[in-house]
Structure formats: structure tokens, C-alpha cells
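Order of the sequence lines sets the chain letters (A, B, ...), proteins ahead of strands, with each chain counted from 1.
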Protein chains: 2
Amino acid sequence: MSLRDAREEAPRAVTMSDVARIAGVSLKTVSNVINDYPHVRPTTRARVTEAIEELGYRVNATARNLRRGRTGLVGLAIPDLGESYFGELANAVVDVADGMGLSVLIEPTRADAASELEVLTNDRRSMTDGLLFSPLLLEATDLRRAVAASPFPIVLLGERVFGVGIDHAVMANIEGTRAATAYLIERGARRIVAAGAPPVREPDPRLVDVAEDGLTRELTTSSEALRLEGYRRALADAGLPFDPDLLLPTGPWRRSTGAAALSDALDADLDFDGVVGFNDAVALGALHTLQIRGVDVPGRVQVIGFDDLDEAAYATPALTTVAPGRVEIAKTALDLLALRLEGSTEPASLRVLPFHISARDTTR
Amino acid sequence: MSLRDAREEAPRAVTMSDVARIAGVSLKTVSNVINDYPHVRPTTRARVTEAIEELGYRVNATARNLRRGRTGLVGLAIPDLGESYFGELANAVVDVADGMGLSVLIEPTRADAASELEVLTNDRRSMTDGLLFSPLLLEATDLRRAVAASPFPIVLLGERVFGVGIDHAVMANIEGTRAATAYLIERGARRIVAAGAPPVREPDPRLVDVAEDGLTRELTTSSEALRLEGYRRALADAGLPFDPDLLLPTGPWRRSTGAAALSDALDADLDFDGVVGFNDAVALGALHTLQIRGVDVPGRVQVIGFDDLDEAAYATPALTTVAPGRVEIAKTALDLLALRLEGSTEPASLRVLPFHISARDTTR
DNA sequence: TTGAAAGCGCTAACAT
DNA sequence: ATGTTAGCGCTTTCAA
């Protein structure tokens with residue numbers, strides 16, 4: 001009815017001046033009311049509020065943004081919303097941003113280096129105040145250059161570590177995997193398979209002295225390499241031998257590849273009593289194979305994952321996993337960004353976030 | 001270096017007038033070049049382009065949006081990005097929108113009726129030109145009222161059907177499940193379990209004459225009910241009896257609930273040779289249980305799902321499933337929205353989209 | 001405590 | 001083919 005007619009007649013939307021006119025006050029006063037400026041007489045405020053109500057006024061965010069010079073929008077560039085991990089991360093970012101009065105413009109980069117670069121110079125960049133970026137494929141040098149040239153603040157988030165010079169909220173890849181591995185060892189596992197390890201068995205030469213306290217000197221590598229490093233350290237901590245035969249590369253970290261890797265291991269009569277899945281998908285796939293093959297979990301083989309996806313809790317048996325603190329990551333990344341938005345010129349910081357182990361039923 | 005200094009000194013960003021000045025032309029000409037207005041002399045265009053290059057000019061989307069009266073942003077309200085189905089749907093919407101020059105502001109509503117309502121009157125609504133909405137919990141009447149009162153166009157997308165009066169791009173719930181069931185029947189299945197059926201065993205009384213051609217008279221119901229209806233029809237088509245014992249309610253459609261439902265069925269010695277999972281998660285869970293229990297799939301029991309998640313293709317055996325045409329849904333919904341954005345006052349239309357069956361290895 | 005007025009950066013009539 | 005100019009709707013000095 002009236003509203004529909006209104007739309008058809010292409011009426012001017014109601015503006016602040018309409019409100020001002022009806023309320024018998026000036027623009028400034030309406031603005032004051034809307035923006036909760038304290039020094040407004042209660043009666044005036046009431047009149048304005050009433051007029052707003054009556055006219056169904058809503059502020060025009062575009063005009064406000066133009067005037068203020070900011071949009072309240074931040075970009076979130078992630079590889080793929082179809083992957084549970086990124087979907088859940090996006091959920092977390094949106095929630096946290098909401099609490100800060102920010103909105104999130106999510107831009108999937110489709111696991112494609114070109115679109116990862118493109119996202120930095122997109123048309124959308126002029127609608128956002130800053131960018132949260134989770135690159136997957138971009139070379140560290142390309143990234144560093146592009147970020148340095150960007151007129152807006154960028155914060156990296158997620159898994160990969162690219163070195164200093166860029167604000168960065170990362171999960172504790174090394175310490176998380178180390179703790180996961182140690183968790184199995186504490187529970188009696190001695191021969192622990194690393195499902196999702198990188199195909200190369202030597203330590204990554206680029207991985208130099210990776211401390212997880214922000215004091216890192218040089219660190220440019222993949223999460224595979226970082227998680228492998230955590231696994232190695234846990235073995236070393238426990239005085240257990242490092243056996244390359246226990247490294248199961250999977251390629252992409254999916255259920256199917258995890259399942260296949262374990263199938264192969266079983267077929268090859270590999271001797272093992274624990275599985276560290278480098279992420280939950282791989283761990284869940286591994287668990288699947290073990291169950292089909294009739295291997296008792298956790299009795300004969302214990303399994304632990306990494307990510308704490310919702311699904312992990314619902315698997316049978318429920319998957320023990322490293323919870324990397326998605327909300328913490330989101331919160332830290334947004335805080336870092338907010339600081340830059342306020343004009344901070346502090347040196348870039350790398351924040352490695354606390355994690356914990358969600359103990360469930362695939363471990364003893 | 002220079003760009004960083006620039007940021008620290010809080011310099012005016014370069015504007016169109018700067019470009020105009022450097023190029024020695026007027027604002028209008030710069031605008032013409034930027035917007036690919038055809039009647040610009042090549043030499044002029046070159047000069048402008050050069051100035052743009054030199055200054056590193058980027059148009060200010062906010063100013064443009066204010067002037068144009070549109071933002072080029074559409075909202076996408078979906079329950080939860082952590083669910084693969086919605087993540088993949090969001091991917092599709094973003095891709096299609098990209099091709100239309102639109103950006104997508106994704107807003108998870110967290111399976112909460114209040115936030116589903118709230119999304120319609122959000123602050124973000126003044127930054128978007130229209131809204132794609134996939135409600136899960138909202139009562140049909142509430143929704144209808146809210147949509148009617150909205151000053152911006154809304155298109156519903158996804159699964160539930162709310163009745164006429166609202167533009168709507170839906171998947172073929174009934175026909176898809178009917179085809180899925182028929183597919184198993186054609187391959188010899190006779191006692192087919194419906195995993196994910198609603199707990200009530202009577203046909204939904206609200207489900208009256210649901211045609212899937214837009215000529216629907218009355219249709220206000222859940223996707224559970226619609227898919228059950230498809231299942232019933234396929235049985236009827238084949239002259240097979242409808243046995244309520246074969247209806248396996250799961251509650252939420254997840255792997256875990258699908259797995260549990262099949263476990264119970266097996267424990268109860270239920271006699272069946274086919275499983276129609278009401279979505280892929282349920283089907284995948286069912287498949288999992290069947291494999292653990294040593295039931296030969298597809299030899300002894302055939303399984304088919306609904307959604308065609310990426311994961312379905314990677315399961316072992318790969319899951320046969322109904323592909324509901326996510327991209328088609330996205331495309332149709334955005335086309336519908338674009339029409340309204342252009343001012344169309346056509347009556348609202350319900351588009352039920354074509355689907356197909358992705359034949360894989362869980363069926364013969 | 002409120003008002004007047006300028007202007008954010010752009011597009012699009014309207015001129016020429 | 002290009003220039004002039006008036007706003008889009010808001011926030012924000014500056015005054016009163």
C-alpha cells in the first residue's frame with residue numbers, strides 16, 4: 001500500500017531536513033539527536049525523536065560516510081567460504097566487528113594468486129576503511145610490496161607467516177601442533193603419524209628461529225611447515241625419535257585426502273598408535289578410515305585434529321582438537337586494524353594467539 | 001616511504017579535481033573518462049588517463065554512491081557461514097554479483113528469529129540497494145509483513161517457500177527429492193529410508209497443491225515437509241507403498257544426526273535398501289554409519305543426498321546427490337533483485353530452479 | 001543549547 | 001566534445 005505506492009512514485013526519501021522541518025528545529029539539532037550528542041534539551045530531543053518516528057526517517061549512511069571520510073566497512077579477503085574453517089572464521093569476524101560498530105565486506109579470493117593480489121586494488125577498496133587479509137598463495141615478497149604501497153591499513157590473519165612489516169594476527173601453528181602431539185604422547189602414544197605433512201621431509205630452510213612471541217627474526221613459510229615443526233619439537237621434547245615414515249603428505253587438507261593417506265598407511269602395515277591431523281578435515285578423514293578398517297579409536301590409535309570446527313564436536317567419536325581461538329584471532333585482527341584506523345604509526349606487530357585443546361573422545 | 005609519509009601527514013586524498021587540474025581539463029571530462037563515456041577525444045582521454053596514473057587517483061566510491069543514489073551493494077542474509085551449504089551459496093552469490101558489477105554484504109543471522117527480523121531494519125540496510133534473504137525461522141506472516149513494509153527490494157532465496165507476494169528463487173525441493181527417490185527406485189531399491197524427514201508423519205496440512213511452476217496457490221511450509229512430499233510422490237509414481245517406519249527424523253540436518261539415525265535403523269533391524277538423505281550432510285553421515293557397520297554401498301544399500309556440496313564429490317564412495325543449481329539460484333535471485341532495482345513493478349514471482357542429479361558411486 | 005552555512009567528492013543537467 | 005554548475009544528505013566548524 002502506501003509504502004509500495006511511494007516506491008513506485010519514486011519519491012525523495014525522507015531526509016534530515018524533513019525531520020528538522022517537522023520538528024521545528026535545525027539540521028544540526030537533528031544531527032545532534034541522532035549522534036547522541038549530550039547537550040540537547042530533553043524536550044527538543046523528544047520532538048525530534050517523534051518527528052523521526054513519524055516520518056520513518058533513517059539516516060543515509062552514504063552521505064554520512066562521505067562527510068565523515070570513513071565507511072565503517074572493513075574488507076575480509078579469505079580463500080573460500082565453502083571451506084568450513086573460513087566460513088567459521090568469517091562468522092567470528094562478523095560477530096566481533098558488529099560489536100565494534102563495523103561491518104564486514106567478505107571477498108572470497110578463490111585460491112588464486114591473481115585474485116589475491118587484485119583484492120588489494122579492487123574497486124571495493126574505496127568502500128572499505130581497511131582490509132583483513134588471509135592470503136594463501138601470494139609470495140611473501142609480492143605481498144610485502146603490495147601492502148607497503150597500500151594507502152589503507154591491512155592486517156593479515158590466519159595461518160601463514162610472512163615476516164615483519166605487516167600487522168598480523170596468527171594462530172599458534174607451531175605451539176598448537178606441538179601441544180597436540182605432546183597430548184598424544186602424554187596419553188601413551190609413541191609412534192605418531194603426521195597427517196597433512198608437507199611432501200618435503202627436510203625442515204624448511206626458510207624457517208629460521210621461529211619464536212611465537214613476536215620476537216621472530218625471520219619467518220616466511222607455509223602452515224604445513226610450521227605445523228610439522230611443532231610436531232618435530234614435541235617429539236624432541238619427549239626424546240622420541242623422528243621417523244620420516246610417519247609423515248603422511250596429503251596435498252590439500254581435506255577429509256578425502258586424510259582418509260586416503262590413512263588408507264595407504266594401513267595398507268602398508270605402518271606401525272602407529274597416534275594421528276596428528278594437521279587440520280580437522282584431515283583428522284576427520286583419518287578417523288573415518290580407521291573406523292571403516294575396524295581400528296579402535298582411541299583404544300588402539302588416538303587421533304587429534306587442529307581447528308576445532310563445529311563438525312569436530314559432532315563426529316563419532318567426537319574429535320579431540322586444537323582450538324586455535326578463532327574469536328581471539330578475529331578480535332585481535334580487528335583491534336590491530338582499528339588502531340591503524342585511528343592513525344597509529346606504531347611498528348607492525350605479529351600477534352600469535354593463545355589456543356587450547358578441546359579434549360573429546362578420540363584421545364584417551 | 002612516500003606513501004607512508006603521506007598517510008602519516010594525513011594528506012587530502014587525490015580527487016577528481018586534482019586529476020582535472022593536472023590534465024588541464026574539466027571535472028566533467030575526467031568523469032567521462034572514468035565512466036567510459038564514449039564521446040571523448042582519444043588525446044584527451046590519454047591525457048586524463050596519464051594524470052590518473054601519475055597521481056594514483058582512485059574514485060571515491062562513497063561520493064559516487066551518494067550522487068548516484070545507489071551503492072552497488074546488496075545484502076545477503078543467510079543463517080550461518082559455517083555451514084558448507086551456505087558458504088557455498090555465498091560463494092556463488094558473490095561470483096554472480098561480481099559479474100553484474102555488484103558487491104555483496106554478507107550478514108549471518110545465526111539461526112535466530114530475532115536477528116532474522118533485525119536484518120531487515122539494520123543500519124546496514126542504508127548501505128545496500130537491496131537484500132537477498134534466506135530466512136530459516138521467521139514465521140511466514142511476520143516475514144510477509146516485514147517485506148511489504150520495506151522501502152528496498154527483497155528477494156528470498158534458498159529453501160523455504162513463504163507464499164506469494166515476495167520475489168523468490170527456490171530450489172526444487174519437491175521435484176528434486178522426487179527425482180532422487182525415483183533414481184534409487186529405477187536402480188532397484190524398494191524400501192527407501194527418508195533420512196531427515198520431519199517428525200510428524202502426516203502430510204503437512206499447510207501444504208496445499210504445491211506446484212513447482214510458479215502457479216502455486218498456497219504454500220507455506222518447511223523444506224523438510226517439501227522434501228518429504230517429493231519422497232511420497234516418487235513412491236506413489238512407482239506404485240510403491242509408503243511405510244512410515246522408513247521415515248527417519250534427524251532433527252537438524254547434520255552428519256552426526258544422519259549417522260545416528262542410520263545407526264538406530266540398523267540396530268532396529270530395519271529392512272531397507274536405499275537412503276534418501278534430505279541433504280548431503282545427513283546423507284554423508286548415513287554413508288559413514290553404513291560403512292562402519294560393514295554394509296555394502298551401493299551393493300546392498302544405495303545412498304543419495306541433496307545439495308551437491310563439494311565434499312560430496314570427495315567422499316568415498318563419492319556421494320550421488322541432487323545438485324540444486326546453486327549458481328542458478330544465485331543468478332536468478334540477483335536478476336530478480338536487479339529488476340526491482342531498475343524499478344520494475346511486476347507482480348512478485350516465484351522461480352523454482354532446475355536441478356540435476358550428480359551420479360556418483362553410492363548408487364548403482 | 002541551538003542555528004547557519006560550508007563542503008565531503010562525485011555525477012549529470014544544461015550549456016556551448 | 002567539453003565546460004559550468006548544482007546538488008546528493010550529512011557532519012561540523014563557527015556563531016549566537
Side-chain angles (χ1 to χ4, degrees), chain A residues 10-49 51-52 55-73 101 123 125-129 151-152, chain B residues 10-49 51-52 55-73 101 123 125-129 151-152:
Chain A
R12 249 182 55 277
V14 12
T15 76
M16 249 175 64
S17 341
D18 299 325
V19 176
R21 193 162 26 75
I22 299 294
V25 299
S26 78
L27 270 187
K28 177 61 165 47
T29 304
V30 180
S31 177
N32 282 345
V33 170
I34 286 169
N35 297 293
D36 287 320
Y37 181 72
H39 306 298
V40 178
R41 203 176 304 157
T43 60
T44 316
R45 182 183 299 280
R47 248 185 317 145
V48 171
T49 310
I52 289 177
L55 296 172
Y57 169 74
R58 312 236 49 205
V59 330
N60 177 324
T62 306
R64 165 182 283 179
N65 292 343
L66 175 59
R67 185 53 236 235
R68 287 191 176 160
R70 334 180 281 96
T71 61
L73 254 188
D123 272 0
R125 288 292 68 69
S126 74
M127 325 194 35
T128 56
D129 297 334
F152 51 85
Chain B
R12 249 183 54 274
V14 13
T15 76
M16 249 175 62
S17 339
D18 299 325
V19 176
R21 193 162 25 74
I22 299 293
V25 298
S26 77
L27 268 188
K28 177 63 165 50
T29 304
V30 179
S31 178
N32 283 344
V33 170
I34 285 168
N35 296 294
D36 288 319
Y37 181 72
H39 305 298
V40 179
R41 202 177 305 157
T43 59
T44 316
R45 182 182 298 278
R47 250 186 315 147
V48 171
T49 311
I52 289 177
L55 296 172
Y57 169 73
R58 312 236 50 205
V59 331
N60 178 324
T62 306
R64 165 183 285 180
N65 292 343
L66 175 59
R67 185 53 234 233
R68 287 191 177 159
R70 333 181 281 98
T71 61
L73 256 188
D123 273 359
R125 289 292 69 69
S126 76
M127 327 193 33
T128 56
D129 297 334
F152 50 85

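- Taking atom CZ of residue B:R58 and atom P of nucleotide C:dC10, one finds them 12 Å apart after rounding to whole Å.
- Whole-Å rounding puts the A:L27 CG to D:dC14 C1' distance at 16 Å.
- Here the CG-CD1 distance, from A:D18 to A:I52, works out to 11.5 Å after rounding to the nearest 0.5 Å.
- For the pair B:M16 CE and C:dA12 C1', the interatomic distance rounds to 11 Å; values are reported in whole Å.
- Residue contacts shown for B:Y37 include a base, since a base heavy atom lies under 4.0 Å away.
- Checking D:dT12, C:dA12, D:dC10 against the side-chain heavy atoms of B:K28 singles out C:dA12 as nearest.
- Residues A:V14 and A:G56 approach most closely at CG1-O, 4.4 Å, considering heavy atoms.
- Between the C1' atom of D:dG9 and the CG atom of B:L66 lies a distance of 6 Å, rounded to the nearest Å.
- Listed pair B:S17 / C:dG9 fails the phosphate criterion, with no side-chain N or O lying under 4.0 Å from OP1 or OP2.
- The base of D:dG7 sits within donor-acceptor range of the side chain of B:R67, with an N or O pair under 3.5 Å.
- If you measure from atom CZ of A:R64 to atom C1' of C:dG7, you get 17 Å, rounded to the nearest angstrom.
- Side-chain contact between A:L73 and B:L73 is present, with heavy atoms from C-beta onward closer than 4.5 Å.
- Each of C:dG3, D:dG9, C:dC10 was ranked by its minimum atom distance to the side chain of A:N60; first place goes to D:dG9.
- Across the protein-nucleic acid pair, B:N32 atom CG and C:dA13 atom P stand 12 Å apart, rounded to whole Å.
- Rounded to an integer number of Å, the gap from A:D36 CG to D:dT12 C1' is 17 Å.
- With contacts defined as side-chain heavy-atom distances shorter than 4.5 Å, the pair A:S126/B:T62 does not qualify.
- Between D:dT2, D:dT11, C:dT2, one nucleotide has an atom nearer to the side chain of B:V40 than all others, and that is D:dT2.
- A sub-4.0 Å separation between OP1 or OP2 of C:dT2 and a side-chain N or O of A:S26 is absent.
- D:dG9 atom P lies 16 Å from atom CD1 of A:I52, rounded to whole Å.
- Contact check, A:R68 against D:dT11: a side-chain N or O comes under 4.0 Å of OP1 or OP2.
- At C:dC8, none of the side-chain N or O atoms of B:T15 fall inside 4.0 Å of OP1 or OP2 (strictly under the cut-off).
- Residue B:R45 qualifies as enclosed at atom CZ: its count of foreign heavy atoms under 6.0 Å is above 12.
- Put simply, A:T44 has a side-chain N or O that comes within less than 4.0 Å of OP1 or OP2 on C:dT2.
- Within the 4.0 angstrom heavy-atom criterion, only backbone atoms of the sugar-phosphate kind lie near B:N35; the bases stay farther away.
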